[in-house]
Amino acid sequence: MTVANHLAFTQYREKERTKHVHRLHPYKGKFIPQLVEYFLDEHTDDLKTESWFKPGDIVLDPFCGSGTTLVQAAELGMHAVGVDISEFNTLISNTKVSCPDLNRLYSAARRLIFRLRAFNADSAHLEFDHAVTEALSEYNKMAEMRYGKPQTKDYAEACAAEFLQIWHSYLDRFGIQLRQEQADSFLALWYAAPIRAEIEFLREEILQETDIVIRNILLLALTRALRSCRATTHADLATLKEPVFEPYYCRKHSKICKPILTATKWWERYVLDSVSRIAEFRRLRSPTHQVCITGDAQNVCIESALRQQSPDFANFVNKKGVRGIFSSPPYVGLIDYHEQHAYAYELLGLPRRDNSEIGPKSSGQSRAAREQYVEEISKVLRNCERYLAPGYDVFLVANDKWDLYPSIAKKSKMQIVKLYERPVLFRTEKNRNQPYNETIFHLKEAQ
């Protein structure tokens, strides 16, 4: 099996790989939309010698994640059903494919921007932030002129210690307390006190919105802002190490940086960006149905769960049948999907089902963990097979370094009919410079 380099999609710029609603919220471990589009659309080429889906078909994604398959199905004129164990993932997915009143959404976003400004009108922390930002800018200019760019650990530590004295003088002048009194929760441990006050103010304002679709869009913009405001270094945003509430030497920017002290900039940027992205997608999407349901794909009754959210769509699925699956199951021992959005679960009061995740990082990659993974992925496929139309096609994207999918296919009473291997070159994690290959498994009913 050869690696299909054109499936790396290197011809697409970052903006195109995160087009419209695909960047509505950060999500570790999602595949790029061009990969989904390649296998769902009707084109053929030297590698893809036949097409399997057409407009009007129903596609199922039992590991829906952030909804990439649902979004691309909507673009291509297909219906789609997603399933995910995470209630926050379901919120992300359904929000991406929602159809709000755009004028009302924009008005709500603008109102909340002004409401936060009014909330902060007499707050000393914004004055402190402005003053210390100017002082830090001058200090970094001086340090660079005087010593040249920091080259050693000792130099970096000396600069950080020198500016720390200036920092404390400003804290005393403005009477600012950054650390919260009790670090007994994620929001208490990882956020400066002024930011938490701003975020909770916005949450209560958003919850007064009576339009559920608009409320969910605003809440998702809020959690996106919340993620960007964690008290950590710029280099450790993807993998938190310890809270940072003082200036530090930043390895990413090669200068002294400070922790984030207000959510205002991020909130204004993200809420307006969300409106823009949803409006852009509205112009591209087809008049089709896409719904993600919360449930364990190993045993959820998709028809019943779908009927609770969209009875008409449930009837359509029952009558027509699902044409096939396009999904990326979790990898063994790689990501704890609930934990990556711990801030959102706590802020929104959503239930966590960490113990129901398949292949979580917390379970490791031992032989026992891999055997359990095979059983659980097989169980998902057997459960989903009940809803598939005759002649179905299943596509699963995986990095199968332990060669588990032949066993998964056998236990699912399916057969692997073809493999497509692609290099993964675009990554956001720290080891993004270590590309790897992943395989798209094409399965059909065993003969």
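Model, not experiment: these values are computed from the prediction.
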**OP:** List the steps, then state whether salt bridge (Lys or Arg N to Asp or Glu O under 4.0 Å) holds for R269 with D273.
**Re:** CA-CA 6 Å; R269 173 182 171 183; D273 180 71; over 6 Å; no
Subject >> Criterion side chain to side chain donor-acceptor pair (under 3.5 Å) on T90 and T294, from CA distance to verdict >> reply: CA-CA 6 Å; T90 302; T294 304; 2.9 Å; yes
**OP:** Applying side chain to side chain donor-acceptor pair (under 3.5 Å), run through Q298 and R382 and close with a yes or a no.
**Re:** CA-CA 8 Å; Q298 296 180 74; R382 290 197 300 272; over 6 Å; no
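The main-chain N or O of Y337 is found under 3.5 Å from a side-chain atom of E357 such that the two form a donor-acceptor pair. Remark: side-chain polar atoms of R370 are not paired, donor with acceptor, to backbone N or O of W402 under 3.5 angstrom. Between the side chain of T233 and the backbone N or O of D236 there is at least one donor-acceptor pair closer than 3.5 Å. With hydrogens and angles disregarded, no donor-acceptor distance shorter than 3.5 Å links the side chain of D336 to the backbone of D354.
Note that K48 lies in the cation-pi zone of Y38, set by a 6.0 Å cut-off to the ring centre and a 45° limit from the axis.
The aromatic rings of H341 and Y343 sit perpendicular to each other, their planes meeting at more than 60°, with 30° as the lower class boundary.
Between R17 and E14, some side-chain heavy-atom pair lies under the 4.5 Å cut-off. For the pair R422 and N5, the minimum side-chain heavy-atom distance is 4.5 Å or more. Put simply, the side chain of C229 does not reach to within 4.5 Å of the side chain of W267, judged on heavy atoms. At a threshold of 4.5 Å between non-hydrogen side-chain atoms, the residues R230 and L240 count as touching. Using a 4.5 Å cut-off on side-chain heavy atoms (C-beta onward), W52 and F326 make no contact. I32 is not listed as a side-chain neighbour of Y12, based on a closest heavy-atom distance of 4.5 Å or more.
Within the 6.0 Å centre-distance limit, the rings of F39 and Y420 are counted as a close aromatic pair.
Between the side chains of S412 and E385, not a single donor N or O lies within less than 3.5 Å of an accepting N or O. Looking at N120 and R117, their side chains never bring a donor and an acceptor atom within 3.5 Å of each other. At a cut-off of 3.5 Å, with distance as the only test, no side-chain donor of S286 or E75 sits close to an acceptor on the other residue. Side-chain contact annotation: H234 with Y248, donor-acceptor N/O pair under 3.5 Å present. Between the side chains of Y387 and N318, not a single donor N or O lies within less than 3.5 Å of an accepting N or O. A side-chain N or O of Q372 and one of E376 form a donor-acceptor pair less than 3.5 Å apart.
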